[in-house]
Amino acid sequence: HRFAIEDAPQAYAILTGKDVDARPYGVLLEYSEVDQAPLRAPVTRKALGAPTGSGVGLIGAGAFARATLIPALKDAGAHLTAVTSEGGLTAADVAARFGFERAAASVDEILDDDAIGAVVIATRHQSHAGLAAAALRAGKAVFVEKPMALSAEQLLEVEEALGPESVLMVGFNRRFAPLVHRLQQELAGCDDLALLMRVNAGPLPDDHWLNDPEDGGGRLLGEACHFIDLLSVVAGSDALAAHAVATPQPGRPLACSDNFSAQIRFATGVCTLVYSGGGDTKLPKERLEVFGGGVSAVLDDFRVLELYRGGKQQRVKSAQDKGHRGEIIRFLAAAQGREPAPPVASYLDSTRLTLALADSLRTGQPVGMAKAP
């Protein structure tokens, strides 16, 4: 059974008719051709200066955006202006359910709208850098989900789009977790740190899009970037060298293995990251141990922070908070000029370090971290 979309009521009628034996297994609704641009970035837009509009435009309306980013935006009082996605019906549904003023037909429509001063990018990983660069060139404040880039070329594209007044934040939410802030206070001034990060990530199906090196980048670039950024923030200094090794897995390049470890030397100390997709997920996912300056600390899954100093223990507990709401509040404040955004350099450095570790996985060799000019 085929019906034009204008005749959808007839399709519904036969699907719900009383004659069960006459019901079809399904119907096909046919749409007229629509000139819907894919979610890729235009490349000719020029910088327009600091963002002025108060509206927020969302590019990408997948599960993470619906479950996490949009609720955080609403809680923070964002003016939800427009949303677009590769599936136009998805954008229309999200607009209706979450209170956006409209579903936009394309990325261009959002970037050309002067009422939109801030853009949130929540598409698949491969498109992040191009969309972020286009939004920066359009003069928007930009929040792009992690990873910022899957290659050095993509990272350079973003850097070249930055202007002196640009606002750019990356979805490294863990640096905004309240217990991380407390940990940083305890470690202030320490320059002899040793850090150990363990991530019990659990398995993904072999055909999951994240395992596609072009689309998702693999779990180091696509997920472990979170923890590389967190370690960088806690260390509070430049990375000097990096080395990573992985367990080979059939049918995947080493850079897409979900069992790997990384060693990073910072100016303030050393750290080890152990990431595994092969464990039982009953064990809490993330655990960070930090030692230095007479302090020992354990951050357990962003629920408990144990602090040891002078032979005494202090235990700080809270509901799990990985910083999603805090980062959105900070982004909106920066977009509206009420407070500064975190230094862009910190996001660039974390991304550069993540890319270096991916290179190390491919080559098997340590990578020196000459700081970009």
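We use all heavy atoms of the structure for the numbers below, so side chains are in, but hydrogens, waters and symmetry mates are not.
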Asks: Kindly write out the residues that satisfy side chain to side chain contact (heavy atoms under 4.5 Å, CB included) with A262, not counting sequence neighbours, or none if the list is empty.
Replies: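 Checked A262 against side chain to side chain contact (heavy atoms under 4.5 Å, CB included); matches are A244, L273, L357.
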
Asks: R325: which residues meet the side-chain hydrogen bond (donor to acceptor under 3.5 Å, both in side chains) condition with it, sequence neighbours left out?
Replies: none

Asks: Going by the rule side chain to side chain contact (heavy atoms under 4.5 Å, CB included), which residues pair with K282 if we only count those two or more places apart in sequence or in a different chain?
Replies: D280

Asks: Taking side chain to side chain contact (heavy atoms under 4.5 Å, CB included) as the definition, give me every residue that meets it alongside Q249, ordered by chain and number, with sequence neighbours left out.
Replies: R252, S257, D258, N259

Asks: For residues 227-285, which residue pairs qualify under ring pair (Phe, Tyr, Trp, His ring centres under 6.0 Å), counting only residues two or more places apart or in two chains?
Replies: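 Found F260-Y275.
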
Asks: Where the side chain of T363 meets the backbone of D359, is there a donor-acceptor pair that is under 3.5 Å apart?
Replies: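 Yes, the answer is positive, given that a donor and an acceptor are paired below the 3.5 Å cut-off.
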
Asks: Run the side-chain hydrogen bond (donor to acceptor under 3.5 Å, both in side chains) test against H226 and tell me which residues pass, sequence neighbours left out.
Replies: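 side-chain hydrogen bond (donor to acceptor under 3.5 Å, both in side chains) check on H226 returns R174.
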
Asks: Test of understanding: with side-chain hydrogen bond (donor to acceptor under 3.5 Å, both in side chains), list the residues that count as partners of Q336, not counting sequence neighbours.
Replies: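 Only R338 meet the side-chain hydrogen bond (donor to acceptor under 3.5 Å, both in side chains) criterion with Q336.
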
Asks: Could you note down all residue pairs passing ring pair (Phe, Tyr, Trp, His ring centres under 6.0 Å) where residues 89-137 supplies at least one of them, sequence neighbours left out?
Replies: H125-H128, H125-W209

Asks: Enumerate donor-acceptor pairs with a distance under 3.5 Å from any side-chain N or O in residues 188-198 to protein atoms, sequence neighbours excluded.
Replies:
residue: D192; atom: OD1; partner: G293; partner atom: N; Å: 3.0
residue: R198; atom: NH1; partner: P284; partner atom: O; Å: 2.8
residue: R198; atom: NH1; partner: K285; partner atom: O; Å: 2.9

Asks: Q320: which residues meet the side chain to side chain contact (heavy atoms under 4.5 Å, CB included) condition with it, sequence neighbours left out?
Replies: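 Side chain to side chain contact (heavy atoms under 4.5 Å, CB included) check on Q320 returns D301, F302, R303, K322.
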
Asks: Can you pull out every ring pair (Phe, Tyr, Trp, His ring centres under 6.0 Å) where at least one residue sits in residues 167-191? Sequence neighbours excluded, please.
Replies: none

Asks: Excluding sequence neighbours, so at least two apart, what forms side-chain hydrogen bond (donor to acceptor under 3.5 Å, both in side chains) with E186?
Replies: R182, R309

